[in-house]
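The structure under discussion appears below in the form of structure tokens.
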Amino acid sequence: MRILIAPDKFKGSLTSEQVAGIIAAGLREVLPDAVIDTMPIADGGEGTASAISQACGGEKIICAAHDAVGREIEAEYFWLGDRATAVMEMSAAAGLWRIAPEERDLLQADTFGVGEMMKDAIGRGGKEILIGLGGSATNEGGFGMAQALGFQFLANEHEVESAAEVRNLARIKAPPHALGATIVAAVDVKNPLLGPRGATRTFGPQKGGSPEQLEILEAGLKQLADVAATDLGCDFRDTPGAGAAGGLGFGLMTFCGATIRSGFDLVAESIGLEAAIAKADIVVTGEGRLD
């Protein structure tokens, strides 16, 4: 008998690797002759980079970056050298897990550190970046990430410095050189950028945003989309997944030419899940929380 154990994380309790190991240990006690394979999975949120790296033999990279409130940190991602591909999660830099509840401030939080991680990977010779969107502490449409990559956001010739100021945006200046890497963003939601199902209304309250802050942030995302449509000639505000990670999905499409993909589909394809299932007699999966 061949058993495949392919769980997602039990959020807040166990990683997908821990879940798989515990289930495997239990099955080995009662089925000592079974062939048991473990294949942790993810859906674009936390654990996505680890799942792909574990299956593909990635090298862990540590780079200097900033968290969502501007503190210097060390962020990690994975490097697949044979493919010149970096696999990362935006939450490694701008994740809510890094910010204590009393430190949360959506009007100031940004994704600059995500751009720093991307720059590090490109400087390493990266030709492709797979980035999981989820667990963000931000709601600024990826403008901080774009700033780190050389974009300028101007309001009356003064550079926009925070999410609170994006509603005053008047002009976007693109850097002279293209990014030089293909970006694939893995998402587990289909929310657009704006409106009742958008980034601000759906996820802002979960990140500590007050009703007054949410009004400011929604106005900022609308202004960002309007100015990008004029200055950059693209408008992804209604694209499914644009609202992921506080609008970072929108930002990656707008400023980096990224492709949005289902996180589960990307992980399954990268780790060879379909072929592993075909070999198995029994598949054990799961997702949830134990507390």
Kindly write out the residues that satisfy side-chain hydrogen bond (donor to acceptor under 3.5 Å, both in side chains) with N191, not counting sequence neighbours, or none if the list is empty.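 Expected list: none.
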How close do [X] and [Y] get, heavy atom to heavy atom, and via which atoms?
X: A155; Y: V160; value: CB-CG2, 4.1 Å
X: A244; Y: L133; value: CB-CD1, 4.1 Å
X: F250; Y: A228; value: CZ-CB, 4.4 Å

Does a side-chain heavy-atom distance below 4.5 Å link [X] with [Y]?
X: K127; Y: T85; value: no
X: I61; Y: R124; value: yes
X: M145; Y: L248; value: yes
X: I260; Y: M253; value: yes
X: K9; Y: P40; value: no
X: L169; Y: F143; value: no
X: L107; Y: E165; value: no
X: S270; Y: L266; value: yes

Is it the case that more than 12 heavy atoms not belonging to [X] sit under 6.0 Å from its [atom1] atom?
X: E74; atom1: CD; answer: no
X: K222; atom1: NZ; answer: no
X: D281; atom1: CG; answer: yes

Mind checking who shares a hydrophobic cluster with L154, ILVMFWY linked at side-chain heavy-atom distances under 4.5 Å?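 Via sub-4.5 Å side-chain contacts, L154 links to none.
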Common cluster, [X]/[Y], ILVMFWY with side-chain heavy-atom separation under 4.5 Å:
X: V284; Y: L273; result: no
X: L130; Y: I183; result: no
X: I277; Y: I23; result: no
X: F153; Y: L193; result: yes
X: I122; Y: M90; result: yes

Intermediate values then yes/no, side chain to side chain donor-acceptor pair (under 3.5 Å), N139 and T200: CA-CA 7 Å; N139 197 102; T200 307; 3.0 Å; yes
Verdict with reasoning, C256 to M118, per side-chain contact (heavy atoms from CB on, under 4.5 Å): CA-CA 11 Å; C256 304; M118 295 170 67; 3.9 Å; yes
Would you call D37-R2 a salt bridge at under 4.0 Å N-O?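 So D37 pairs with R2 through a salt bridge.
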Taking it one step at a time, do S53 and K60 satisfy side chain to side chain donor-acceptor pair (under 3.5 Å)? CA-CA 9 Å; S53 173; K60 182 182 290 186; over 6 Å; no
Run the numbers on R237 and D226 for salt bridge (charged side-chain N to carboxylate O under 4.0 Å, His left out), then give the verdict. CA-CA 9 Å; R237 73 185 77 194; D226 288 344; 2.8 Å; yes
What do the steps show when you test E140 against T111 for side chain to side chain donor-acceptor pair (under 3.5 Å), and what is the final call? CA-CA 8 Å; E140 37 79 286; T111 53; 3.0 Å; yes
Under the side-chain contact (heavy atoms from CB on, under 4.5 Å) rule, collect the residues that match up with A121, sequence neighbours excluded.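 Applying side-chain contact (heavy atoms from CB on, under 4.5 Å) to A121 gives Y77, A86, M88, I129.
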Sub-3.5 Å donor-acceptor pair from the side chain of T285 to the main-chain atoms of A6, do we have one?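 Yes, the answer is positive, given that a donor and an acceptor are paired below the 3.5 Å cut-off.
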Between E128 and R83, is there a donor-acceptor pair closer than 3.5 Å when you use the side chain of the first and the backbone of the second?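 Not confirmed, E128 side chain does not pair with R83 backbone.
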Decide if the gap between the ring center of F236 and the ring center of F255 is smaller than 6.0 angstrom.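 Centroid separation for F236 and F255: 6.0 Å or greater.
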With salt bridge (charged side-chain N to carboxylate O under 4.0 Å, His left out) as the test, would you mind laying out the steps for R167 and E218 before giving the verdict? CA-CA 8 Å; R167 58 181 173 166; E218 181 76 352; over 6 Å; no
